[in-house]
Amino acid sequence: MGEPASERAGVPGSERAVYISMDEKYFAKKIEQKWQKKWADSRAFEASMESNKPKFYQLEMLPYPSGNLHMGHVRNYSAGDVVAWYKRLKGFNVLHPIGWDSFGQPAEDAAIKRGVNPREWTEANIDTMQGQLQRLGISYDWSRQMAAHRPDYYKFDQWFFLKMFEMGLAYKKKTQVNWCETDQATLSNEQASGGLCWRCGNPVTKKDLEQWFLKTTSYTDQLLDDMAAIEAGWPQNVIKRQRDWIGRSEGAFVDFKISMPTGQLDKAAAGAPNTVRIFTTRIDTIYGANAIVVSAEHPVVTSRHASLPADVNAKIAEIVAESLKPRDREEEVEKDGIDTGLKAINPFSGEALPVWVGNYVMMDYGTGAVMSVPAHDERDWEFAKKFHLPIRQVISEPHMEHEHHTMQALALDHAFTDHGVLVHSDYWNGKKSETAKKEMTEYAQKHGFGEVATTYRLRDWGISRQRFWGSPIPIVYCDNCGIVPEKYENLPVQLPDSIEITGTGESPLARVSEFVNTACPNCDGPARRETDTMDTFVDSSWYYYRYTDPQNADAAVDPAAAAYWTPVDQYIGGDDHAVMHLIYARFWTKVMRDLGIVKFDEPFKRLLTQGMVVGETFFDDSTGKRKYFMPADVKVERDEKGKIISATASDGTPLKHSIERMSKSKGNGVDPDEMVEIYGADASRIFVMFAAPIENELVWNEAGIEGAVRFLQRVWRQVYRWRDALSAHADRTTPSAQSGDHPPFSKEGSQAARDLRRKTHQTIKRIDESLETLQFNTPVAALMELSNAIGDLEADPATATEDEVFAVREAIESLALMLAPFAPHAAEEIYSVVTGSDDGMVANEARFPEFNPDLAKSDEIEIPVQVNGKLRSRLMASPDASNEHLTEMALADEKVTQYTDGKQIVKTIVVPGRLVNIVVR
RNA sequence: GCACGCGUGGCCAAAACGGCAAAGGCGCCGGUCUUAGAAACCGGAUAUUGAAGGUUCGAAUCCUUCCGCGUGUACCA
C-alpha cells in the first residue's frame with residue numbers, strides 16, 4: 001500500500017474564489033479532525049426533549065470496556081451511526097447514546113493477575129475506548145454516557161433490587177454452582193469446562209449455595225405472548241430462539257399411586273409421598289407406559305432412603321455423583337438407572353408399573369418424574385432397550401383409524417413419536433391422538449388423578465455472583481431480624497475503595513470487615529451484609545432508560561424522560577445476545593411497567609442483529625491446549641481459490657487453521673485505531689458497511705478497504721473539479737438538493753444532464769428504501785454508481801450549460817447528504833463546499849434529498865421482445881405505452897417476424913414497462 | 001439428532017411481484033504517466049446463478065430430491 005493519506009495531512013489548501021477553500025487532494029485526517037472538533041464544539045449530537053420534531057431513539061448494545069475497540073464494535077457502531085444520521089437527515093430528533101458495561105470479571109482478573117485496581121483499570125479503558133470511538137466520528141451524545149461501575153448508576157441496580165424484593169420478585173434459594181475445592185471459588189460454566197478448574201486445573205465439583213434469584217418466571221406468559229407486538233421488527237430467528245428458550249409446553253399432570261412390592265411393608269418415613277405426579281405432553285400414550293422414571297433427587301425416593309435396598313441407594317448415589325460432574329456440552333450421556341422396587345399404579349389401566357430412577361430425568365423440569373413409554377418416545381425407547389423393559393405400541397399409523405385396533409402392531413425398530421390412532425388403549429381404541437389427549441385429560445381431571453398442565457423451560461434468573469467487581473446486593477443479615485433489605489436512603493451500598501483481590505476464597509467482599517459488618521436497618525443491632533454482587537446482566541437490563549435522564553440522583557429515570565424517548569426505536573447488536581440479555585431487558589421493562597415508571601410492555605421496537613467479524617487463525621493444539629500464532633509468523637500455502645492448504649510456524653511446526661471471532665489473543669484481530677490512522681475513519685466505516693450484509697458473518701479481508709479510499713478520493717476529485725462552477729450557484733438561502741427548484745429542462749438541455757438527473761433521483765430512491773430496511777451495503781454500491789455517473793458527464797465545468805451545472809450540483813449535493821451516514825466527515829466537507837456554509841449539516845437543518853419520480857423516469861425505455869421466451873428483438877417505447885401498442889410494435893418488428901412467420905400465435909404476454917413475449921406454435 | 005438459514009465470475013456481494021443481455025467493490029489484464037516499479041487515472045475481460053428434476057410463455061427467484069456450508073439447540077417428558 002502506498003503513502004498513507006495521514007502522512008500527507010496538514011497541507012494547507014490554496015485560497016480560491018470559493019466560499020469554502022478546498023484542498024485538491026483528499027486528506028482524511030485533516031477533514032476528520034476538523035469535523036470532530038466542530039461537532040464537539042457545537043454539541044451537534046446532544047439530544048434534547050425541547051423539539052417539535054418526532055423523536056427517534058437509536059441504540060447500540062452496551063460495550064464492555066476491555067481496553068480496546070475491536071472490529072465487531074466498529075461494525076456495530078458504524079451501522080448504528082448510519083441509522084442515527086439517516087434519521088437526523090429525515091427530520092427526527094435523534095437520541096444516540098453510548099455507555100459502558102463496566103462491571104464484570106475481566107477487571108477482577110486483571111486485579112488478580114497484575115495487582116491493578118479494578119476501578120482504575122476500568123476507567124483507563126473507558127478513556128481509551130472513548131477516544132477510539134471519537135476518532136471514528138460516531139455521532140454520540142457524549143453528555144449522556146453512563147458506566148455501570150460508578151455508584152451513581154449501580155445505586156439504582158440496588159434500588160430496583162429492593163423494589164423487586166418488596167414485590168416478591170427477588171428471593172433466596174439453595175442451588176448448585178460449579179465449585180473448585182482447591183481454590184475455594186465458584187466458577188462459571190465456561191470456567192469449569194471439561195470438568196477442570198480453569199485456574200488450578202483440579203476437578204470441579206458442584207456445591208449447594210444460597211443464591212439470589214429474580215422471578216423471571218412470573219412473567220413467562222408475557223415474555224412469550226408480548227412477542228407478537230414486536231415480531232415484525234425483530235429477526236425471526238431471535239423470536240424463535242426466545243420462544244424455544246422460554247419453552248412453553250402444554251400437556252397434563254397425572255398422579256400415579258405408589259405401592260410397595262408384595263410381601264414388603266412400606267417402611268417409608270412418615271409423610272413420604274404416596275403418589276408420583278408426572279408431566280406428559282402425550283397422555284394419549286399412557287397405556288403404553290412400562291415404568292415410572294423419576295429423577296434421583298425426587299422426594300419419592302429421597303424420602304424412602306431408609307427403606308430402599310442398599311444396592312438401590314448405592315446406585316442412586318452414583319447417579320447423583322455422576323450428575324454433579326460438569327461435562328462438555330457435546331458429550332452424550334449414556335442412559336443409566338435402577339429399579340427402586342416401588343410400584344406405581346397406572347390410573348387408566350390399573351397396571352402396576354415399576355418405579356425407576358433414571359439419570360435422564362431432571363428434577364427441575366416438569367415434576368421430576370415421567371411415565372416411560374418406550375414405543376413412542378426416543379429417550380424411553382433407549383432406556384427400555386438398555387434395561388430390557390417391555391415395549392408396547394399403543395399408537396398406530398393414522399390410516400389405521402377404524403381398523404382392527406386391538407391387533408398387535410408391527411414390530412417397531414425405533415420409537416414411533418408421531419401422532420396417530422390409539423390401539424391397546426381400552427375405551428380409547430381407534431381414537432385419534434388429538435382427540436384422546438383432550439378426552440383422557442378430562443377423564444383424569446374428573447376422576448381426581450390429573451389435570452391440564454403447562455410447563456416451561458425458563459428458569460428464574462440467578463443473579464448472585466461471588467465476585468468483587470459488581471453491584472453489591474443491598475441485603476443485610478441480622479441475627480434478630482433475619483434477612484433485612486437495606487434502607488433506600490442508605491443506597492448505594494458502595495464497594496470498598498480498594499481491597500486485596502487474590503482470586504481465592506469466597507466473595508472477596510466477605511473478607512472486608514468494614515464492608516461486612518454493619519448495623520441492621522431494622523433493629524440497629526449488629527448485622528452482616530450480603531457479600532455477593534449482582535450479575536452484570538442486571539446493569540444492561542435497564543441502561544437504555546438511564547440514557548434518557550443520565551444525571552438523575554433521585555431516581556433511575558424520570559418517567560417523563562422515559563416517556564418521551566423510550567421505547568427504543570432501533571436496537572442494533574450482536575446475535576450472541578439474542579436470548580439472555582434480551583430476555584432480561586424485556587423482563588426488567590415489565591417490572592418497570594408494574595412499578596409505574598413506563599407505560600409500555602416492550603423496550604425495543606426494532607432489533608437488528610449483526611453477524612460476527614471473523615478472521616483466520618493459526619494454532620498448535622498438539623499439547624491439548626490451543627496456542628495461537630500471529631499470521632505474520634506463519635507460512636501459509638493456499639490453493640488457487642485462496643483456501644489454505646497448509647500452514648507452518650517459522651520453526652517448521654505444522655499448524656492448524658480455522659476461522660474464528662476476531663480477538664487479540666488469537667492473533668487475528670485488527671486494531672481499528674491503526675486502520676483509522678492509515679485509511680481514515682470514513683474509509684474504514686464505508687468499507688465495514690460495504691463488505692457484507694450486516695446480518696452476515698464478515699470474514700475479514702483487508703484488501704478491499706483501498707476501494708473505499710479510492711471511492712472517497714474519486715468523489716473528492718469530482719467536487720474539486722466542479723467547485724468553481726458550483727460555488728457560483730452557492731448563494732441560495734436554503735441549501736437543498738430538492739428538485740422542485742429547477743425548471744424542467746429546456747428542449748435544448750443536454751441528454752447527458754438529463755441522464756445524470758435521472759441517475760441522481762433513481763439513486764435517492766434506492767438508498768432511501770435500503771436505509772429504511774436496514775441494508776447498509778447496497779447504498780454504498782449505489783453511491784459508487786452515482787459517482788461513476790457524475791464522472792461520465794464529460795462537460796467541461798468552465799463551459800457547461802446551466803442545465804449541466806445544475807445536474808452536477810444536484811448530484812453532488814445529494815451524494816454528500818446520502819454519504820453522511822457512512823462517511824460523515826467527508827460528507828460534511830463536501831456539503832460545505834457545495835453550500836458555502838461551514839457550520840455543518842446539523843446546524844443547517846440539512847435534509848435527505850427528496851426523490852422526484854418524474855425525474856427518475858426515463859422518457860424512452862427499451863422493451864425486450866421475446867419469442868417463446870427467447871430474446872429476439874428490442875423496441876424503444878415511451879414508458880407509458882399501452883399494451884396494445886407494444887404488441888403491435890412487437891408483431892411488426894422484422895426480427896420478430898422472422899420467428900413468427902408461418903407459425904400460429906398462441907398468446908402474447910405484455911409486462912407493462914418490462915417486456916413483450918410472443919408464444920408461437 | 002432436531003430446527004433454521006445459505007450456495008451467484010478467482011473473492012465479497014446486488015438483483016420488489018417469477019420478466020431485458022445477472023449491479024457495485026476487490027482482484028486480474030491492457031493503456032496513460034514514469035528511468036523502472038508503486039500509486040493515481042483511463043479502458044477491458046471474466047457467470048450455462050451448488051447438482052438433478054418439476055411448475056411456467058418465462059426461474060438466481062417457486063416446488064421436490066440430493067450435495068456442500070453455516071448458525072442455534074439438545075435427555076425439557
Side-chain angles (χ1 to χ4, degrees), chain A residues 1-3 25 235-238 240-241 244-245 247-249 251 278-282 285 293 329-330 332-335 358-362 364-373 376-380 382-383 455-459 575-576 578-579 611-612 639-643 659 686-687 690-693 695-708 710-711 713-714 717 766 769-770 773 775 777-788 791 861-871 874-875 906-921:
Chain A
M1 90 205 48
E3 187 191 16
K25 285 197 166 176
Q236 270 314 297
N237 71 330
V238 175
K240 185 181 176 297
R241 275 154 69 187
D244 289 351
W245 186 263
R248 177 155 61 194
S249 158
I278 60 105
F279 174 71
T280 180
T281 54
R282 292 298 303 273
T285 66
V293 185
R329 297 177 131 235
E330 292 306 306
E332 202 159 309
V333 181
E334 204 188 328
K335 298 253 176 322
N359 66 343
Y360 70 102
V361 179
M362 296 180 302
D364 51 1
Y365 180 79
T367 59
V370 301
M371 63 178 191
S372 172
V373 185
H376 306 292
D377 181 286
E378 279 163 23
R379 294 152 301 183
D380 296 338
E382 217 181 292
F383 192 68
T455 62
Y456 300 91
R457 208 186 96 104
L458 184 76
R459 309 278 153 71
D575 196 32
D576 37 344
V579 179
M612 283 196 298
D639 66 13
E640 66 278 1
K641 286 192 173 185
K643 293 240 161 67
I659 289 184
I686 285 181
F687 175 63
F690 180 57
E695 64 275 8
N696 283 18
E697 187 174 80
L698 170 57
V699 181
W700 190 253
N701 173 8
E702 202 151 318
I705 194 173
E706 290 181 35
R710 275 205 283 270
F711 163 63
Q713 286 172 339
R714 187 166 64 235
R717 217 166 30 243
R766 254 177 89 183
E769 285 170 354
S770 298
T773 56
Q775 287 172 279
N777 52 335
T778 48
V780 178
L783 288 171
M784 288 173 172
E785 285 182 47
L786 179 57
S787 136
N788 288 343
I861 53 171
E862 205 179 46
I863 303 278
V865 181
Q866 301 177 333
V867 178
N868 284 349
K870 287 211 173 78
L871 182 77
R874 317 173 151 273
L875 306 168
V906 182
K907 66 171 160 176
T908 335
I909 294 130
V910 183
V911 183
R914 287 226 110 121
L915 62 56
V916 177
N917 186 14
I918 298 159
V919 185
V920 296
R921 195 160 45 204

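- Per the geometry, CG belonging to A:L915 stands 14 Å off P belonging to B:A22, to the nearest Å.
- The aromatic rings of A:F279 and A:Y365 lie perpendicular to each other, with more than 60° between the two planes, well past the 30° mark.
- Looking at heavy-atom distances under 4.0 Å, A:Q775 makes contact with sugar-phosphate atoms alone, never a base.
- Nucleotides B:C63 and B:U46 are separated by 33 Å at their P atoms, to the nearest Å.
- The interatomic distance linking A:N777 (CG) with B:A15 (P) rounds to 8 Å, in whole Å.
- Among the atoms of the strands shown, only primed sugar atoms or phosphate atoms (P, OP1, OP2) are found under 4.0 Å from some heavy atom of A:G707.
- A:R459 comes within 4.0 angstrom of a nucleotide base, judged by non-hydrogen atoms across all strands.
- Taking atom P in both B:U71 and B:A13, the straight-line distance is 15 Å, to the nearest Å.
- The C1' atoms of B:A60 and B:G50 are separated by 12 Å, rounded to the nearest whole Å.
- Contact annotation for A:R714: no contact, since no heavy-atom pair falls under 4.0 Å across all strands.
- One finds a side-chain N or O of A:Y365 lying less than 4.0 angstrom from the OP1 or OP2 phosphate oxygen of B:A77.
- Residue-level contact check: A:R241 touches the backbone only, with heavy atoms under 4.0 Å from sugar-phosphate atoms and none from bases.
- In this structure, A:Q236 places its CD atom 16 Å from C1' of B:U71, rounding to the nearest Å.
- Put simply, the side chain of A:M784 reaches to within 4.5 Å of the side chain of A:F690, judged on heavy atoms.
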Protein-nucleic acid N or O pairs under 3.5 Å, nucleotides 54-63 of chain B:
| unit_1 | atom_1 | unit_2 | atom_2 | d |
| --- | --- | --- | --- | --- |
| B:C57 | O2 | A:N917 | ND2 | 2.2 |

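- Residue A:M784 is classed as a sugar-phosphate contact, given heavy-atom separations below 4.0 Å to backbone atoms only.
- Across all strands, A:D380 comes closer than 4.0 Å to no nucleic acid atom at all (heavy-atom distances).
- Consecutive Watson-Crick or G-U pairing (both distances under 3.5 Å) extending over three or more pairs maps onto RNA chain B as B:1-7 with B:67-73, B:10-12 with B:24-26, B:28-32 with B:40-44, B:50-54 with B:62-66.
- Remark: P of B:G25 and CG of A:L786 are 13 Å apart, rounded to the nearest angstrom.
- Contact of the A:M371 side chain with the A:T285 side chain is registered, since non-hydrogen atoms from C-beta on lie closer than 4.5 Å.
- Checked against B:A40, B:G24, B:A77, the side chain of A:Q713 finds its nearest nucleotide in B:A40.
- If you take CZ of A:R710 and P of B:A39, they are 8 Å apart, rounded to a whole angstrom.
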Set out, line by line, the N/O atom pairs under 3.5 Å between protein and nucleotides 3-7 of chain B.
| unit_1 | atom_1 | unit_2 | atom_2 | d |
| --- | --- | --- | --- | --- |
| B:A3 | O2' | A:K240 | NZ | 3.0 |

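- Side-chain atoms of A:R766 lie closest to B:A23 of the nucleotides B:A40, B:A23, B:G25.
- Salt bridge annotation for A:D377-A:R282: absent, with no cationic side-chain nitrogen under 4.0 angstrom from a carboxylate oxygen.
- Each of A:Y456 and A:E785 has a nearest nucleotide on RNA chain B; the 5'-most of these lies closest to A:E785.
- What separates CD1 of A:I705 from P of B:C12 is a distance of 18 Å, to the nearest Å.
- At the heavy-atom level, A:V373 lies nowhere under 4.0 Å from the strands shown.
- Only the P atoms considered, B:U49 is 11 Å distant from B:A22, to the nearest whole Å.
- With both ends at atom C1', the span from B:G10 to B:G27 equals 7 Å, rounded to whole Å.
- Atom CG in A:D364 sits roughly 13 Å away from atom P in B:A77 (whole-Å rounding).
- To the nearest angstrom, P of B:G1 lies 15 Å from CD of A:E382.
- Between the CD1 atom in A:I686 and the CG atom in A:N777 there is a gap of 13.5 Å [rounded to 0.5 Å].
- With hydrogens and angles disregarded, no donor-acceptor distance shorter than 3.5 Å links the side chain of A:D575 to the backbone of A:E695.
- Side-chain proximity of A:P693 to B:A13, B:C75, B:A40: nearest is B:A13.
- Between A:S249 and the phosphate of B:A77, there is a side-chain N or O to OP1/OP2 separation shorter than 4.0 Å.
- Nucleic acid contact class of A:N788 (heavy atoms, under 4.0 Å, all strands): sugar-phosphate only.
- Looking only at side-chain heavy atoms (C-beta outward), A:Y360 and A:D380 come within less than 4.5 Å of each other.
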